[in-house]
A.B. asks: 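One structure, as structure tokens, below. Some questions next.
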Amino acid sequence: MNLTDRHHINALSDAVLNGTPSGVHCSLHIAAEDSTFIRFNHAKVRQATQVSQAYATLTLTQGMRCAESTLSLTGDLRGDTARLVAAQAELSHDLPFLPEDPYLLRPDVIANTTRDEPGTLPGASAVIDAVATHAQGLDLVGFMASGPLVRAHADSRGQRNWHRVDTFSFDWCLYHATDKAVKALHAGQHWSSDAWARQLQQGATQLPLLGLPPKTLQPGRYRAYFAPSAVSDLLGTLAWGGFSQKEQAVGTSPLMRLVRGEAALHASVQLTEDTGRSIAPAFTPEGFTAPGQVPLVINGRHAHSLCSPRSAREFGLPTNGALAGENPQALSLAAGTLPEAEVLQALGTGLYISNLHYLNYSDRQHCRVTGMTRFACFWVENGELVAPLQVMRFDDDLLDLLGPRLIALTDRAELHQDTGTYGQRQLASITTPGVLVDGFQLTL
């Protein structure tokens, strides 16, 4: 049985929830996928795998007590139902003996949602053919993940939420030598071999530059352009508690100066949790629904936070569909006005930064982030790439970098899907344009 089939999951949910004990709220959350994985090395297939899996989390609540259990599903309706019903009986037996949870909150309104969004996904042969055709003579290393992802929620009150999207991500790089490579991500819901070939060609044009003697810079501040992939790295670091209601309430968010109005980002910065235009589900595992958009920063100033059900209970606020960790699932930085084709001319002389890595906070309270430049970072003179950049460490205040030192945002935003596959594929993403700044701090 197809584990991403809606009729199968509905039948399973109905069979389990119909036996809910009286006076108990029972919910079932299912995460499923049917994924194709292909790993490339030297532009050749090194590994090809198909994974079909589903996990069901059964949750029982009564009053302020809660118990849950997660089981893997086999696709056999009768067998899966029997195991979930048995788990339900065990949880029901344990529930009265559990301590009360003062921050437990469950939905009090039934809100049904449906999203079934087929895409144009590549078959394994299409990806292999594209690599064989366009990457001849190149040392391409990459990892393709493709297939439908499902999140579903059902509860004993009759609420039903369904989310199924077709999506792919091709995380690849062109290797030059030693630690030199050009890295890129091609992701979305509609595969185009031509679009990927154009991206590959753009990367291939940078490859010869990596063979030039690297430019060694002294520590100091430099004008810099961050490609969307590098901006995604920076925003991903801000997402570690930056927009969390809990972290902001207790004062541990790295954005506290922004929240308190002590600092402001550039007026062109518009940050949104843009669930409605992402691939993320519009509901939580508990059954709370999320609005299409939650404005986080408007015109450079703090607007809202991400408030999970537990934070809503603790701080007496309405929840806005945030997950328990209150990290954004569909963070979006609005595009600006700088044409992409004019980035190098606008930069003039300075740093072209494609990727960053090893990012972490050096001073969380002041939103200072440190990390390293990585793949395909270049020194630019008079609007031309002239030499690869020797790997450098940076340490900078992101509120200042995206505030008074921000010069421009490019006119096109790019999707960067979470490529993590630990346990299961992910539905989180960051959409961002490129960013031109002045005074980026290199330390060593």
Side-chain angles (χ1 to χ4, degrees), residues 4 29-33 35 37 51 53 55 57 113 115 117 119 143-153 161 163-171 184-189 228-247 253-255 271-286 288-297 304-309 311 319-334 355-357 359 413-433:
T4 60
H29 180 261
I30 293 177
E33 66 180 288
S35 300
F37 299 105
V51 174
Q53 64 175 4
Y55 294 92
T57 299
T113 61
R115 180 179 178 185
E117 198 166 286
F143 183 67
M144 162 67 82
S146 175
L149 295 175
V150 164
R151 299 294 184 267
H153 171 270
N161 305 101
H163 179 87
R164 184 186 189 275
V165 294
D166 289 347
T167 182
F168 71 89
S169 64
F170 191 9
D171 192 9
L185 173 66
H186 188 54
Q189 294 179 263
S229 56
V231 182
S232 176
D233 295 331
L234 294 173
L235 293 180
T237 305
L238 283 185
W240 299 344
F243 305 104
S244 161
Q245 172 60 47
K246 172 77 171 183
E247 299 262 14
S253 165
L255 298 180
L271 276 168
T272 306
E273 174 73 330
D274 199 0
T275 304
R277 291 189 291 182
S278 75
I279 57 173
F283 55 89
T284 69
E286 301 90 355
F288 290 93
T289 55
Q293 290 188 333
V294 177
L296 302 172
V297 175
H304 298 92
S305 61
L306 297 176
C307 188
S308 68
S311 289
T319 181
N320 52 20
L323 297 181
E326 297 183 332
N327 294 328
Q329 299 299 295
L331 187 61
S332 178
L333 174 61
N355 295 96
L356 300 168
H357 69 157
L359 275 69
E414 187 177 287
L415 171 71
H416 289 264
Q417 186 174 325
D418 187 341
T419 58
T421 57
Y422 292 105
Q424 61 185 353
R425 287 168 60 209
Q426 306 299 313
L427 283 164
S429 65
I430 295 176
T431 302
T432 177

A.B. asks: What distance separates T57 OG1 from I30 CD1, expressed to the nearest 0.5 Å?
C.D. replies: 9.0 Å

A.B. asks: Quick check for you: to the nearest 0.5 Å, what is the distance between Q417 atom CD and L185 atom CG?
C.D. replies: 7.5 Å

A.B. asks: Which pair of non-hydrogen atoms, one from S311 and one from Q245, has the smallest distance, and what is that distance?
C.D. replies: CB-CG, 4.2 Å

A.B. asks: Treating Q426 as the side-chain partner and Q424 as the backbone partner, does any N or O pair qualify as donor plus acceptor under 3.5 Å?
C.D. replies: yes

A.B. asks: Taking atom CG of L427 and atom OG of S278, what is their separation to the nearest 0.5 Å?
C.D. replies: 8.0 Å

A.B. asks: Look up atom OG in S253 and atom CZ in F243, then write down how far apart they are to the nearest 0.5 Å.
C.D. replies: 8.0 Å

A.B. asks: Rounded to the nearest 0.5 Å, how far does CG of N327 lie from CG of L238?
C.D. replies: 11.5 Å

A.B. asks: How long is the gap from CD1 on I279 to CG on L415, to the nearest 0.5 Å?
C.D. replies: 6.5 Å

A.B. asks: Determine the minimum heavy-atom distance between R115 and T275, stating which atoms define it.
C.D. replies: NH1-O, 4.4 Å

A.B. asks: Less than 4.5 Å apart, any side-chain heavy atom of L323 and any of P285?
C.D. replies: yes

A.B. asks: Would you say that K246 contacts S308 through its side chain, given a criterion of any heavy-atom pair below 4.5 Å between the two side chains?
C.D. replies: no

A.B. asks: Restricting to salt bridge (Lys or Arg N to Asp or Glu O under 4.0 Å), what partner residues turn up for E247, sequence neighbours left out?
C.D. replies: R364

A.B. asks: Using the ring of each side chain (for Trp, its six-membered ring), is H153 parallel, tilted or perpendicular to F283, with breaks at 30° and 60°?
C.D. replies: tilted

A.B. asks: Does anything in residues 414-429 form a salt bridge (Lys or Arg N to Asp or Glu O under 4.0 Å)? List the pairs, not counting sequence neighbours.
C.D. replies: R412-E414

A.B. asks: If every non-hydrogen atom of P309 is compared with every non-hydrogen atom of E286, which pair is closest and at what distance?
C.D. replies: CG-OE1, 4.3 Å

A.B. asks: Look only at the side chain of E273 and the backbone of Q329, and say whether a donor-acceptor pair between them is shorter than 3.5 Å.
C.D. replies: yes

A.B. asks: For C307, does its backbone N or O pair with a side-chain atom of N320 as donor and acceptor, under 3.5 Å?
C.D. replies: yes

A.B. asks: Hey, is the main chain of Y55 close enough, under 3.5 Å, to the side chain of H29 for a donor-acceptor pair?
C.D. replies: no

A.B. asks: Can you tell me if Q189 uses its side chain to pair, donor with acceptor, with the backbone of G119 under 3.5 Å?
C.D. replies: no

A.B. asks: Tell me every residue that passes side chain to side chain contact (heavy atoms under 4.5 Å, CB included) with S146, counting only those two or more places apart in sequence or in another chain.
C.D. replies: L121, P122, M144, F168

A.B. asks: Taking all heavy atoms of S305 and all of S244, pick out the closest pair and write down the distance.
C.D. replies: CB-C, 4.3 Å

A.B. asks: Taking T272 for its side chain and V294 for its backbone only, find out whether a donor-acceptor pair lies under 3.5 Å.
C.D. replies: no

A.B. asks: Hey, does L306 have a side-chain heavy atom less than 4.5 Å from the side chain of L296?
C.D. replies: yes

A.B. asks: If only atom types and distance count, is the side chain of D274 paired as donor or acceptor with the main-chain N or O of S332 below 3.5 Å?
C.D. replies: no

A.B. asks: Of the non-hydrogen atoms in D233 and L359, which two are nearest, and what is the gap between them?
C.D. replies: O-CD2, 3.4 Å

